[in-house]
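In what follows, a structure is listed as structure tokens, so that the remarks can point back to it.
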Amino acid sequence: MALLTALILTDDDAFRAQTGDALRSGTVPVTMLDERPAAGVVQPDLILVDGREESQALAAIERARAGAPAVSIFMIARTVTPDLILQSMRAGANEFLTWPPDATFQEAIARAAARRTSLSPARPRATTAAFLGAKGGAGTTTVAVNSAVEIARLSRRPTVIVDLKAGMGEVTLFLGVRGRYTVFDAIENLHRLDVEFLRELVVKHKSGLEILAGSDHFERPASSDSPAVEQILRLLTQQYEHVVIDAGNQLTGSSTAALYLADTIYLVTNPDVPSVRNAQRLLDRIGQLGACADRVRVLLNRASEPYPIPPDQIESALGRPIHHMFRSDYRTVSTALNSGVPLSMTGNTELSAQFDSFTRGMLELPVEAPESGRRGALGLQRLASIW
Ligand SMILES: Nc1ncnc2c1ncn2[C@@H]1O[C@H](COP(=O)(O)OP(=O)(O)OP(=O)(O)O)[C@@H](O)[C@H]1O
Ligand SMILES: [Mg+2]
């Protein structure tokens with residue numbers, strides 16, 4: 001799936017908000033650029049021009065086209081007239097749409113994504129997975145870290161995990177590494193954030209996985225840091241083939257930025273009443289935020305019999321299938337955690353086999369180990385997940 005970076009040209013905040021929601025509610029992950037060129041490292045793939053003021057809009061399209069011959073430009077006009085369509089196309093627009101956005105908007109975005117892929121087929125495209133916990137202690141970091149190690153090991157492609165949890169991120173701890181820098185340093189130095197600088201900020205694990213450590217400032221990243229977080233994540237998607245995000249268990253501005261950007265949002269829950277209730281509420285909220293609900297997959301962690309709530313009841317309550325289950329195995333998880341060694345490196349356990357099959361599914365690789373973790377009472381199991 002292509003990831004589009006979009007820029008909205010308007011003076012009207014309501015237009016910006018509504019167009020942003022429409023952009024983000026589709027199946028193509030879209031990240032938004034601030035109108036002010038910040039670090040200057042990211043160019044938009046798509047420019048949306050508020051065309052309700054026609055002459056200004058046509059001039060804006062001409063300028064945008066002159067500056068970026070390959071960018072997709074959408075003219076969003078108040079009304080359709082053959083003359084205005086012609087003028088927009090002559091100025092350099094690729095699509096002519098009407099305000100407010102309707103179904104044709106999503107079709108145009110899909111065309112822009114296809115165009116972007118055809119124009120730069122060699123440009124590596126990262127797959128991005130965000131892990132969000134239904135509640136504190138659900139095992140979000142355990143699942144994100146062990147999946148990231150498996151992805152790096154199985155794919156042998158550049159893979160990074162980003163710890164977005166404010167103050168107490170534990171990704172480096174789980175991996176037994178110590179980074180000098182954190183997400184906080186990336187946010188604070190956004191003006192000079194480029195590929196070289198980013199390389200300085202990450203720390204490498206022996207599996208090959210690279211880590212952008214969690215901030216040690218309790219209140220950061222804050223909601224006001226979300227544009228910076230979005231920009232950092234976007235840059236990571238240009239440098240790595242796999243980006244894994246530990247988004248914590250709160251819907252803050254920065255975790256929401258991660259959800260918008262992610263190809264797949266893994267909601268980590270446990271088979272107990274508070275976790276399932278919170279998962280329901282988070283699913284509702286993710287839908288309201290406009291992040292595409294089709295990109296959410298439910299993961300059931302600590303899933304062992306006897307279940308406080310059986311998996312089929314959880315699926316009914318959530319109205320969606322459990323994508324993958326990880327058994328409860330405190331001994332194995334805590335031994336791995338205490339030694340700072342990921343599960344896949346601690347031996348053959350059922351849990352490590354479950355991580356292996358989960359990540360093989362993510363990478364669309366054949367599953368070698370006997371599958372013990374995958375199920376789906378709604379009959380909606382998926383071997384090759386999109387993510
Ligand atoms: N499958 C599992 N079986 C048994 N214990 C587990 C499992 N997964 C996680 N745990 C344990 O649960 C605890 C919390 O795990 P973890 O830190 O990954 O959760 P979290 O959701 O990231 O928590 P936080 O909200 O603090 O970020 C840890 O002690 C971990 O060892
Ligand atoms: Mg955690």
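Just follow the structure's listing: the first ligand is 1, and inside any ligand the first atom is 1.
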Quick check: Phe326 with Phe358 (ring centres under 6.0 Å apart)? yes
Near Arg90 CZ, under 6.0 Å, is it more than 12 heavy atoms from other residues, nucleotides or ligands? no
Please name all residues satisfying side chain to side chain donor-acceptor pair (under 3.5 Å) with Thr140, sequence neighbours left out, ordered by chain then number. none
Flag the pair Asp194 and Arg199 as a salt bridge only when some basic side-chain nitrogen lies within less than 4.0 angstrom of an acidic carboxylate oxygen. no
So which heavy atom on Ser304 is nearest to which on Arg327, and how close? OG-CB, 3.6 Å
Strictly under 2.8 Å, is the Mg ion (ligand 2) approached by any N, O or S atom of Thr140? no
Neighbour count >12 (heavy atoms, 6.0 Å) for atom CG, Asn348: no
Residue shell around ligand 1, heavy atom under 4.0 angstrom: Gly136, Gly137, Ala138, Gly139, Thr140, Thr141, Thr142, Lys165, Glu170, Phe174, Asn249, Asn301, Arg302, Arg327, Ser328, Asp329, Tyr330, Val333, Leu337
